[in-house]
Amino acid sequence: MLFLMLACTGNPEPTEPIVQAPPLVEPEPAVPSFDAWPGTPELLPAPSRVAASLQTHGIQKACAEYAARVSFKTDVSVSTVAAARTGAEIGALVVEAPVTEPAKLAERVQRIQAGLASLNEESLALQDTANLLVFLSQNPEPDQVSVQLDQLHAKLLMNMEAQSESELLPVLLAGAWMQAYLLMAQGLEANNNPGPGHALFFRPVVGQYFSGYVSSVGQGTIPSGMLGPLEETLVHLRVVTEKDPMSAEDLATVREGLEDILGML
């Protein structure tokens, strides 16, 4: 009996502890890499080249008249909005510079400067805009303005390599391209001449750059409400601008899409 009691009340045989398997964690999806500055000069054409193209197609004055209506508040706290608005002001400046009086150009440069300062108070570009304001205060001739802008453009190209990882550079460039394209579309419509649209708008390298941005890092930087319309506009631009010549309906498609995107800013 004693042996039976000892057997019943003794310590049980030790068992292996149950080890809980760690919960499965889904890996974060890899974000495709994107080079904000791939060294493609076509992404940043010289102002004189833009002016010559507008003059060739007889829309320089009409584009400048529409550009006079463009005015954005650039010094805002949301960096992507500030970058896009600053870019839009740059696009308008390049389009209107050859035929707009210096005092009006200076007002736009002040908005560009405010936008750049809101993005980076230590930006070297702030000194360039300050110098440009001094130059414009001297009431220069249009050809002098063109030379000055080309000089700034050449300096900018030399410094762009340092921006290859910038998340805001593509946003600024997008603002500039969209605004310039919109002004060109408005100028062509004002002259009732959609035909040159292909020559002005068809830039496959530029389209590929922005499509690459939108499908990669842009997914996390572009406001969600703008992402879908921007993707749709890029597709429409690619399809419509391939046509040569473009029709009035094609031109309206370009204008309306760009107006919708810029209107969100």
Side-chain angles (χ1 to χ4, degrees), residues 36 43-44 47 50 62-97 99-137 145 148-149 152-153 156 163 166-187 210 213-214 217-218 220-231 233-234 254-265:
L43 287 172
L44 199 65
V50 176
C63 289
E65 290 175 351
Y66 282 104
R69 307 174 189 179
V70 176
S71 179
F72 288 98
K73 178 175 173 55
T74 54
D75 54 340
V76 292
S77 58
V78 181
S79 59
T80 51
V81 175
R85 289 181 178 182
T86 302
E89 290 283 353
I90 293 172
L93 175 68
V94 171
V95 167
E96 72 182 354
V99 292
T100 300
E101 60 185 72
K104 288 294 183 182
L105 296 180
E107 292 176 5
R108 192 174 306 285
V109 173
Q110 288 173 343
R111 293 195 292 273
I112 293 170
Q113 187 178 50
L116 293 173
S118 72
L119 296 172
N120 181 5
E121 292 183 349
E122 299 179 357
S123 172
L124 298 177
L126 293 176
Q127 185 58 54
D128 293 331
T129 53
N131 293 339
L132 182 56
L133 286 172
V134 172
F135 170 76
L136 292 172
S137 71
V145 174
Q148 186 75 5
L149 290 179
L152 286 175
H153 170 265
L156 182 60
Q163 306 298 321
S166 170
E167 292 185 351
L168 292 177
L169 176 61
V171 181
L172 187 144
L173 289 174
W177 275 99
M178 287 192 297
Q179 186 63 74
Y181 270 9
L182 175 56
L183 293 172
M184 292 177 191
Q186 291 170 326
F210 289 121
Y213 170 74
V214 168
V217 295
T221 57
I222 301 173
S224 58
M226 290 184 63
L227 193 57
L230 181 56
E231 289 174 319
T233 297
L234 287 172
V254 172
R255 175 182 52 75
E256 291 167 1
L258 294 172
E259 283 177 339
D260 288 345
I261 296 297
L262 289 167
M264 295 180 185
L265 301 179

*Inter-residue atom distance D75.CG - Q113.CD, 0.5 Å rounding*: 11.0 Å
_Side-chain heavy atoms of M184 within contact of V50, under 4.5 Å_ = yes
_What's the separation between atom CD in E107 and atom CD in E89, rounded to the nearest 0.5 Å?_
10.5 Å
*Under 4.5 Å between any side-chain heavy atoms of L105 and V145, yes or no?*
yes
*If you round to the nearest 0.5 Å, how far is CG of D260 from CG of L230?*
11.5 Å
_Looking at every heavy atom in both F72 and L265, which two are closest together, and how far apart are they?_
CE2-CB, 4.1 Å
*State which residues pass side-chain contact (heavy atoms from CB on, under 4.5 Å) with A106; sequence neighbours excluded, sorted by chain then number.*
L133, L136
*What is the minimum heavy-atom distance between A62 and G187, and which atoms define it?*
CB-CA, 4.0 Å
*Could you tell me whether the side chain of R255 and the main chain of Q186 form a donor-acceptor pair under 3.5 Å?*
no
*Does any non-hydrogen side-chain atom of I222 lie less than 4.5 Å from one of V214?*
yes
*Count the heavy atoms belonging to other residues, nucleotides or ligands that lie under 6.0 Å from CG of L156, then report whether that count exceeds 12.*
yes
*Are side-chain heavy atoms of H153 and L149 found at a separation under 4.5 Å?*
no
*Should L132 and D128 count as side-chain neighbours, where that means a heavy-atom distance under 4.5 Å?*
no
*For the atom pair CD (E256) and CD1 (I261), what is the distance rounded to the nearest 0.5 Å?*
13.0 Å
_From CG (L183) to CE (M178), nearest 0.5 Å_ = 12.0 Å
*Roughly how far, to the nearest 0.5 Å, is the CG atom of L93 from the NZ atom of K104?*
14.0 Å
*Do you know the tightest heavy-atom contact between L169 and Q163?*
CD2-CB, 3.6 Å
*Results of side-chain contact (heavy atoms from CB on, under 4.5 Å) for T221 - residues two or more places apart only*: T80, E167, Y213
*Provide the closest heavy-atom pair for A36 versus S166 in the form atom of the first, atom of the second, distance.*
CB-O, 3.2 Å
*Decide yes or no on side-chain contact (heavy atoms from CB on, under 4.5 Å) for T74 and I112, but give the supporting numbers first.*
CA-CA 7 Å; T74 54; I112 293 170; over 6 Å; no
*Between R108 and E96, is there a side-chain N and carboxylate O pair less than 4.0 Å apart?*
yes
_Shortest non-hydrogen contact from L119 toward A82_ = CD2-CB, 3.8 Å
*Heavy-atom side-chain proximity of L173 to F210 below 4.5 angstrom*: yes
*Not counting sequence neighbours, list each pair that qualifies as a side chain to side chain donor-acceptor pair (under 3.5 Å) and has a residue in residues 175-185.*
none
*Taking all atoms of both residues into account, what is the closest heavy-atom pair of R111 and V70, and its distance?*
NH2-O, 3.4 Å
*Less than 4.5 Å apart, any side-chain heavy atom of N120 and any of L168?*
no
*Got C63 and V95 here, is their nearest side-chain heavy-atom distance under 4.5 Å?*
yes
